[in-house]
2 protein chains.
Amino acid sequence: MSVRQESNTAPPADRTLSARARNLTHVHPADVPLQDALDALADPVRRTIVRELAATPDWTRACGTFDLPVTKATRSHHFAVLRGAGLIEQRDEGPRRLNRLRRAEFDARFPGLLALVLAEPAGTAPAEPASDPGDGASADSGNGD
Amino acid sequence: MSVRQESNTAPPADRTLSARARNLTHVHPADVPLQDALDALADPVRRTIVRELAATPDWTRACGTFDLPVTKATRSHHFAVLRGAGLIEQRDEGPRRLNRLRRAEFDARFPGLLALVLAEPAGTAPAEPASDPGDGASADSGNGD
DNA sequence: TAGACTGTTTGATGGAGGTCGACCACATGA
DNA sequence: TCATGTGGTCGACCTCCATCAAACAGTCTA
């Protein structure tokens, strides 16, 4: 019992998947302890990712498209943490790795927690450039399909 | 402007207060950034304090009566952090320092967050003895007034 | 085949914070 | 006045984790 079918997906060697995708292990929010959720959201960079992700449709943002004050190595680390906390889902699309915020599932497990993060004004926490006055949605923008 | 009247109470030198009580600076939850709230609740010992505090009536538990796997120095530190995050209120009663969980105020500022902590099964997070079989409320108990 | 692009992994580093022992401050009671 | 009990402060230690640079691994296009 337990471990939701699509849960802790350590993929059982699926040949239809690329070698890269096979390393993508997801954790369902239902299996995440509160400790991990709080640890994940206690970092300002990760909360920024979550907020930016919430502002765009699912599967439209690759990891590299986020405006973060860290190198790609650190960025990669943060995405892994968010994945491990059941906050995001990832899928490989060519060379890019697209992201989705697990809104409903996560909110079902931790009611209200995600809302607090999304309600937090951007640039409030440290390690954030407090956003530039020119508004962030200049070029890439977050328009949908 | 701002800073709720009873807010960040760095008491303006009140002679009716003991020297000890004068050092008791409180922060109103409304003035607490999400970062501080998450930092405060990300520690398992502090969540234990919050849960134990929620299980007893206000102003009935002194700092020393909590069953924690740390020394009093660390304990004192944790209580200070909780106070600074607007999670608890403290009052000196003789040599003891009594505590109160700021349920309503904190929940108004961070809806749902406190509920998540209280819903967390005790002994789940690390650094907790997973509770002793004899039930915690043996001697001192938490009965109220 | 080579190059550009995207993302991960590894090893090292620095800082923040949890922890402790020791000492100090205050209140109470004998 | 002294002893006790409660709690805070200080300095030191130590672990964890965010961070980076460098090297590696796929994917796509030319």
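Given the structure is predicted, the values throughout are model-derived calculations rather than measurements. Note on naming: letters A, B, ... go to the chains in the order of the sequence lines (proteins, then strands), and numbering restarts at 1 for each one.
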note = Looking only at D:dA21, C:dT8, D:dG5, the nucleotide nearest the B:Pro95 side chain is D:dG5
query = Which pairs with one or both residues in residues 32-77 of chain B pass ring pair (Phe, Tyr, Trp, His ring centres under 6.0 Å), sequence neighbours excluded?
reply = B:Phe66-B:Phe79
task = Just compare D:dG7, C:dG7, C:dT8 and give me whichever is closest to any side-chain atom of A:Arg96.
result = C:dG7
request  = Figure out the CD1/P separation between B:Ile49 and C:dG18, and round it to whole Å.
outcome  = 11 Å
ask   = Should B:Arg97 be listed as having a side-chain N or O under 4.0 Å from OP1 or OP2 of C:dA27?
value = no
key: Spacing of A:Arg75 atom CZ relative to C:dT9 atom C1', expressed in whole Å   = 17 Å
note = In whole angstroms, the gap separating P of D:dC20 from CG of A:Leu68 amounts to 11 Å
Pick out the pairs of N or O atoms, protein on one side and nucleotides 14-18 of chain D on the other, that lie under 3.5 Å.
unit_1, atom_1, unit_2, atom_2, d
D:dA18, OP1, A:Arg46, NH2, 2.9
D:dA18, OP2, A:His77, NE2, 2.8

key: Residues A:Arg47 and A:Glu52 bridged, charged N to O under 4.0 Å   = no
key: B:Asp92 CG - D:dG5 P separation (whole Å)   = 19 Å
message = Once ring pair (Phe, Tyr, Trp, His ring centres under 6.0 Å) is applied, what residue pairs with a partner in residues 87-120 of chain B remain, sequence neighbours excluded?
response = B:Phe106-B:Phe110
Rounded distance in Å - NZ (B:Lys72) to P (C:dA25) = 13 Å
request  = May I have the distance from A:Arg83 (atom CZ) to C:dT9 (atom C1'), rounded to whole angstrom?
outcome  = 13 Å
message = Rounding to an integer number of Å, can you tell me how far A:Leu24 CG sits from D:dA25 C1'?
response = 14 Å
key: Of the listed nucleotides C:dG7, D:dG8, C:dT8, the one nearest the side chain of A:Ala62   = C:dG7
message = Using modelled atom types and a 3.5 Å cut-off, is there a donor and acceptor pairing between side-chain atoms of A:Thr74 and backbone atoms of A:Val70?
response = no
task = Kindly write out the residues that satisfy side-chain hydrogen bond (donor to acceptor under 3.5 Å, both in side chains) with A:Arg46, not counting sequence neighbours, or none if the list is empty.
result = A:His78
From C:dG7, C:dG21, D:dG7, nucleotide with atom closest to B:Thr71 side chain = C:dG21
key: Between C1' of D:dT6 and CD of B:Glu93, the distance in whole Å   = 13 Å
Partners meeting side-chain contact (heavy atoms from CB on, under 4.5 Å) with A:Ala62 (sequence neighbours left out) = A:Thr65, A:Arg96, A:Leu98
query = Listed by chain and number, what are the side-chain hydrogen bond (donor to acceptor under 3.5 Å, both in side chains) partners of B:Arg83, not counting sequence neighbours?
reply = B:Gln90
